[in-house]
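Whatever order the structure lists ligands and atoms in, that order sets their numbers, starting from 1.
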Amino acid sequence: MRRRILKLIPIFLFACKGIRSTCKLQSDLTEEQKKGIIQTAQMLDYNNTQLITYTSFKKPKEGELMPFVIQNGDEDYQIILTRYQGKIYAFGSLCPYDLETDLSEGICFGDKLYCPKHGCQFDITNGMVEGPPSIDNLPKFGLKENEDSIEVYAPLIVPKKIIPQYHFRDYNDQRKVIIYGGGAAAFACLTTLREFGYTGELSYISNDNYMPYDKTKMSKRIKATKPEDFFFRKDNWYSAIAIDAHLGRKISYVNNKYSNTYVELDDSNKIAYDTILIATGTDPVHPPIKGIENQEVFYFSSLDSHQQLKEKLKTINDLSIIGINTMSLEVAQTIRQEYPNIKINIIDPNDESQFQVQYGPELTNLVLDLHVEKGINIYENIKIKKFEKDSIVFKGKKKLKSDAVILFPSTVSPKTEFAEVSDHQFEFDNAGRVKVDYFQRTDIKRIFAAGSCAHTYYYTNGTGHIGDQWQACYNQGMTAAYNMLALNVPWHQIPFTYTEQFGKVLQQASSWPQFDEVHIEGDLKKWDFIIYYGMNDFVVGAVGTPSKQNRVAIVNEGIRCKNIPFLSDLKNGKYSTKDIEAAVRKIKKSGCYKSTLYKFRYDVVPEYNLWTFRDNMSTFYFPYDNAEISAAPKMKGDE
Ligand SMILES: Cc1cc2nc3c(=O)[nH]c(=O)nc-3n(C[C@H](O)[C@H](O)[C@H](O)COP(=O)(O)OP(=O)(O)OC[C@H]3O[C@@H](n4cnc5c(N)ncnc54)[C@H](O)[C@@H]3O)c2cc1C
């Protein structure tokens, strides 16, 4: 190793003397440091190691994502150089979500970088993650721009991702927050609270047996998995930031008398609160099927059921999957790839499957044909008469062998038992979701709701969000946390989701309860397309394959900026995705959302750059009952 470094000396200028004198060799690094997972927000805080200066004689243009290769120990390591508002920035090029996707193939809108695969969003000026599914930041590098070159300062071992900095508990801080539920929204809320300086009591109550995990990964991997593979963070991380966790528990009583607010758990534990987030998600609704008790049935909605299915798959030959939706198709393709000997039948008893209702026949046929090509049997619009011990009987007497069933019902029911154990009169929508405003506030003071148990409004057009998308739920959890801290941030993200079916990635911008028309750009057969979905001529979202242009991210940004042409104008060729990109870039440049190319349909809403709120952190307070918090937590660097 030493020889290799010496060889680099003629090419790279070493950083200042002070840094060199604290140099460490790779053999001196801890195991964590070698793996490149280092808990520090600033790369240059990464002390005790040698900084190497790399020189680039090429400079990025404004908005360009220019890959630049440096060394990471013995390996080449790609970073990105970019320019924003004239200033150059350097940061890691691997998406922290999978540590594989190359972010230099993504797209930048102003200071926001979209991952080309998962749609995670990062602030390029500081590497911080703004939009999931990544929960970690990008490493950021120091640099100096010279007249004809850029010097980039990187440590000998480069961290692949940066775990954000969190605030530890301050026992003088008397505030008390309860997070009820243990999924995407709950995790996002607790992590955002601690990241944004909340140092009060933080209790976490979930009826699940595990601390929060990433459900979206469960359908993508089954065979060689353990529960830990899906955890967002390890247990000691929660202890470090003082999360008071109550697993396998439910709230059985809520005392909301103002002077003495507390909840009682089903183990009789009492926990006081000032503020609660309800994030209890949904439950699948199972239509009655005769004889279902004859088969082993899996619902795939929790990590326990995922692990039980993993055991069952070792022993069966014929599997029935009931229901056609994105999740069931992902599960089918995973099982096909991981257990090639199991015969898989996907059966949908509805006239139109959930997938077809959501995406229309064009995409449905494309995806189902792919599954059939891979040896999966699809039975659409076929009514089930009953289940027997080793088979399914259809109406019309046809029988299929079946050793186990995975059920994906097309309807879900929001879990809002919280309302039943309290005397709060929440407002619900028709589906039983708790109604919240743009700030995730219910109509009951100090009670927030987020995720799939909540009925949230899109800030773009005021329509209710009724989709059950992970990224939306996560962002709503973050939004609840911002507003518990009185930062007044509306839910302003448009969910970007993706699925992978036999190596073919489909990305989705936004969600829509219904559509009446589609417009297809590109070629479905070549898996190179974008489908726009429209309702009353308004574009409500899009699904497409990844492309050099990052067209789905463009549409996502277009919807967020309310800068999307009418569907008819896309259809008649007046505008295309390229024009949406130009329009979004134009408004980003001008710094606010102004009507440029297209007619707006909605009011103009200012853009919220979340990270600028950091400057105001020392003044935040709970807005309720004018109860100012005496000990405003200090931000790092306040003193
Ligand atoms: C296998 C799988 C794959 C998926 N893949 C995708 C995907 O690729 N993309 C996508 O967008 N979405 C996907 N989803 C959907 C996504 O996971 C959900 O939309 C999201 O998790 C909802 O988040 P949430 O916080 O509202 O609720 P959940 O994540 O469902 O969490 C609710 C939590 O509350 C707890 N809880 C419920 N009732 C109580 C109670 N009474 N007391 C205490 N705790 C309670 C539950 O145990 C659970 O921990 C997938 C879902 C599954 C199951």
Scan residues 239-251 for pairs that pass salt bridge (Lys or Arg N to Asp or Glu O under 4.0 Å), counting only residues two or more places apart or in two chains.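 Listed once each, the pairs are R249-D266, R249-D267, K250-E417.
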
Got the closest protein heavy atom to [atom], with its distance?
| atom | answer |
| --- | --- |
| atom 22 (C) of ligand 1 | C473 SG, 3.5 Å |
| atom 24 (P) of ligand 1 | S452 OG, 3.9 Å |
| atom 48 (C) of ligand 1 | G182 N, 3.8 Å |
| atom 18 (C) of ligand 1 | D468 OD1, 3.5 Å |
| atom 11 (O) of ligand 1 | W470 N, 2.8 Å |
| atom 53 (C) of ligand 1 | F300 O, 3.4 Å |
| atom 31 (O) of ligand 1 | G183 CA, 3.2 Å |
| atom 25 (O) of ligand 1 | A185 N, 2.9 Å |

So, for P495 and Q469, which heavy atoms are closest and what is the spacing to 0.1 Å?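 Smallest interatomic distance, heavy atoms only, reads CG-OE1, 3.4 Å.
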
With the threshold set at under 4.0 angstrom, would you say T499 reaches ligand 1 through any of its heavy atoms?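 Contact absent.
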
Among the heavy atoms of Y180, does any lie under 4.0 Å from an atom of ligand 1?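 Right, Y180 reaches ligand 1.
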
Nearest heavy atom to [atom]: which of [options] does it belong to?
| atom | options | answer |
| --- | --- | --- |
| atom 27 (O) of ligand 1 | S305, A186, G281, P133 | G281 |
| atom 17 (O) of ligand 1 | K250, H306, K220, K215 | K215 |
| atom 44 (N) of ligand 1 | N325, N207, T326, L277 | N207 |
| atom 37 (C) of ligand 1 | T280, V331, V421, D214 | T280 |
| atom 50 (C) of ligand 1 | M327, K217, Q476 | M327 |

Please name the residue in the list Q354, Q356, E330 that meets the side-chain hydrogen bond (donor to acceptor under 3.5 Å, both in side chains) test with N325.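 Of all the options given, the one that passes is Q354.
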
Below 6.0 angstrom between ring centroids: does that apply to [X] and [Y]?
| X | Y | result |
| --- | --- | --- |
| F300 | H306 | yes |
| F232 | F187 | yes |
| Y533 | F515 | yes |
| H455 | F428 | no |
| Y210 | F231 | yes |

Pick one of side chain, backbone, both or neither for how [X] approaches ligand 1, counting any non-hydrogen atom pair under 4.0 Å.
| X | result |
| --- | --- |
| K415 | side chain |
| A279 | backbone |
| T216 | both |
| Q469 | both |

Are Y97 and D136 close enough, and set up right, to give a side chain to side chain donor-acceptor pair (under 3.5 Å), and what steps lead you there? CA-CA 8 Å; Y97 188 59; D136 293 312; over 6 Å; no

Before you tell me yes or no, could you show the steps for E228 and Y213 under side chain to side chain donor-acceptor pair (under 3.5 Å), namely the whole-Å CA-CA distance, both residues' side-chain angles and the distance that decides it to 0.1 Å? CA-CA 8 Å; E228 304 84 277; Y213 48 86; over 6 Å; no

Run the side-chain contact (heavy atoms from CB on, under 4.5 Å) test on I342 and D318 for me, step by step, so that the C-alpha distance in whole Å, both residues' side-chain angles and the decisive distance to 0.1 Å come before the verdict. CA-CA 6 Å; I342 295 180; D318 296 271; over 6 Å; no

Considering only heavy atoms of [X], which atoms of ligand 1 have at least one such atom less than 4.0 Å away?
| X | answer |
| --- | --- |
| G451 | 26 (O) |
| R249 | 42 (N), 43 (C) |
| E417 | 41 (N) |

Under 3.5 Å: donor-acceptor pair, side chain of Q507, backbone of P116: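 Pair found, side chain donor or acceptor close to backbone of P116.
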
Does R551 have any salt bridge (Lys or Arg N to Asp or Glu O under 4.0 Å) partners at least two apart in sequence or in another chain, and if so, which?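 Only D528 meet the salt bridge (Lys or Arg N to Asp or Glu O under 4.0 Å) criterion with R551.
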
